Novice: 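First the structure, which I've put down as structure tokens, then a few questions once you've had a look.
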Amino acid sequence: MVVSVSPAASDVGLAVLKRHGNAVDAAVATALALAVTFPEAGNIGGGGFMMVWPGGGQEPVCVDYRETAPASAVRDMFVDDKDQHSHKTAGVPGTVRGLALAHKRFGRLPWKDLVLPAVALAEQGFAVDEAVAKGLNAIAAKSTTAAEFRRVYQKPDGGSLAIGDGLVQPDLAATLRLLADGGPDAFYRGRIAEQIVAEMRAGGGILTAADLAGYEAKIRTPVHGTFRGFDIYGPPPPSSGGTCVVEMLNILENFDLRRQGRFAPETVHLAIEAMRRAYCDRARYLGDPDFVDVPNHLTTKEYARKLAAGIHLARATPSVEVAPDVQLAAEGESTTHFSIVDADGMAVANTYTLQDSFGARIVVRGAGFLLNNEMTDFNWRPGHTDRRGAIGTAANQIVSGKRMLSSQSPTLVARDGKLVLVTGCPGGRTIPNTVLCVLLNVLEFDMDARAAVDAPRLHHQWLPDRVQFEGADRPEYAPLVERLRAMGHDVADKTRKQGDAHTIRVTTEGLEGAADSRRTEAKAAGY
Ligand code: DON
């Protein structure tokens, strides 16, 4: 089964599974298809994290293909620069090396067979749905968007896209064909690298041929935690995802949430307090482990017990009391996650991104793909701390070659060595909290995948000291919101949808796929 935001990409993955490709083969093909059919976040010019459950008793691994800062990047390069979509905001892309590394380690089918379905989608075109058409038209309409974006993503006569129009991408087809034939070196050392460098020269970017040639994806040991006898595996730094999710679950394990009920004020209060504390630690400590020492107590049960003991059961702890001295930087709009389980029980949870929707909004001239603006995930104004956002901690400041801190949280859950759940989502800093909500719904409240994904979600990120709750404007939750406010929580009136968590739950009867209905076009494809 493959669950992704794009029906065409889910179908590409499904076809690979039916040809006896494994979950990693399907993940490579799905990711490359998404780069064609979901340009706002599907990508070859960005990066992400792939969690692999190999099955057969082997330990899960994380493929870290996060972007890196170019060699000439320096700590203060954005201090006086407000442009979040410039050539300078592009990190060295990791996606192609990441997919190739996962394939080399686990794949079964030839690489080329996994790239060609994406070539076909780019060459023959696909019918754009409402979300894709709207997204592309909105960016194309901005006066700052370069002509190349309009040429590639609008109609040949320059007109905007309507629902159902075919989008043909000949430049991207040619790029993908180079990848099919030449493997990742075509991207990092060959013609595509030359095109990226030419784009950088033309646009005042700093990414060089040496940056591309030197990029490495890494196999990392996942963060591992437990919750009520379930094993939880998530990405380690440079993502904050696994650490935050495990820290929050560890705190909540100290309370009997099941007895209280899923949307009892007491349960929601404790979830908010767990979020507040974990996100404070995220800001304070987390960064690229190849550059900073990340303390290892954050995911221990003992530390969580201490934090749990500090939670007042009937009153919100003001975030400034948790830590008055640190602040966070801004994060973006769009990412995408897909989940895959194959017939032999191998599974993939993959989240990847361009950072903002359509990344830097810069199409590499002649190559037909978008560059990320992931450099904006670093803390931009070192040393400066204010209550509204931006900057602070040293752990996530820019250093040449360093990976910027992420929130991506592709997550695997097992029990007694057997896979139970595959999930993850987009949503910038809301990501670990969305994953926490889905995990609690399944692991603590016994919901099936559909109910767990549909239930309204919650977000608190330490600062600003405010709760977002998807149900805040629904009458049935009015008493809950009122109670939370009485406890001292600032619950926002306006609700914001949290990211689409395309999820697979493994049951004794088979696989339950839940394409998140927050994106109506998403599809679970299985056989
Ligand atoms: O890596 C990160 O955490 C961010 N760049 C992700 C951005 C994101 O999820 C935007 N999504 N809706």
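Ligands are counted one by one from 1 in listed order, and the atoms in each one are counted from 1 as well. Predicted model only: the values in this text are computed from it and were never measured. Each residue takes its place number in the sequence, starting with 1. Heavy atoms only: backbone and side chains are in, while hydrogens, waters and symmetry mates are out.
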Novice: Once the angle between the rings of Phe78 and Trp380 is folded into 0 to 90°, is it parallel (under 30°), tilted (30 to 60°) or perpendicular (over 60°)?
Specialist: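 Phe78 and Trp380: parallel rings.
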
Novice: Quick one: does Gly427 get an N or O within less than 3.5 Å of an N or O on ligand 1?
Specialist: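 For ligand 1, there is an N or O atom that lies under 3.5 Å from one belonging to Gly427.
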
Novice: My understanding is that we take every heavy atom of each candidate and find the minimum distance to atom 4 (C) of ligand 1. Doing that for Asp500, Asp377, Thr335, which one comes out nearest?
Specialist: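 Looking at heavy atoms only, Asp377 sits closest to atom 4 (C) of ligand 1.
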
Novice: Side chain or backbone, does Ile431 bring an N or O within less than 3.5 Å of an N or O on ligand 1?
Specialist: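 Min N/O separation from ligand 1 is not below 3.5 Å for Ile431.
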
Novice: In terms of relative ring orientation, are Phe358 and Tyr153 parallel, tilted or perpendicular, with 30° and 60° separating the classes?
Specialist: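 Tilted, since the angle between the ring planes falls between 30° and 60°.
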
Novice: Is the closest N or O pair between Arg66 and ligand 1 shorter than 3.5 Å?
Specialist: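 In this structure, Arg66 places an N or O atom under 3.5 Å from an N or O of ligand 1.
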
Novice: Look at atom 1 (O) of ligand 1 and find which of Ser406, Gly47, Ser357 reaches it with the closest heavy atom.
Specialist: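 Looking at heavy atoms only, Ser406 sits closest to atom 1 (O) of ligand 1.
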
Novice: Only counting residues at least two apart or in another chain, list the ones meeting ring-ring contact (aromatic ring centres under 6.0 Å, His included) with Tyr233.
Specialist: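 Only His224 meet the ring-ring contact (aromatic ring centres under 6.0 Å, His included) criterion with Tyr233.
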
Novice: Check Asp290 with Lys218, please: is the shortest side-chain N to carboxylate O separation under 4.0 Å?
Specialist: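 Salt bridge flag = yes for Asp290 with Lys218.
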
Novice: Could you work out, with ring-ring contact (aromatic ring centres under 6.0 Å, His included) as the rule, every residue matching His489, not counting sequence neighbours?
Specialist: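 Partners of His489 under the ring-ring contact (aromatic ring centres under 6.0 Å, His included) test: His269.
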
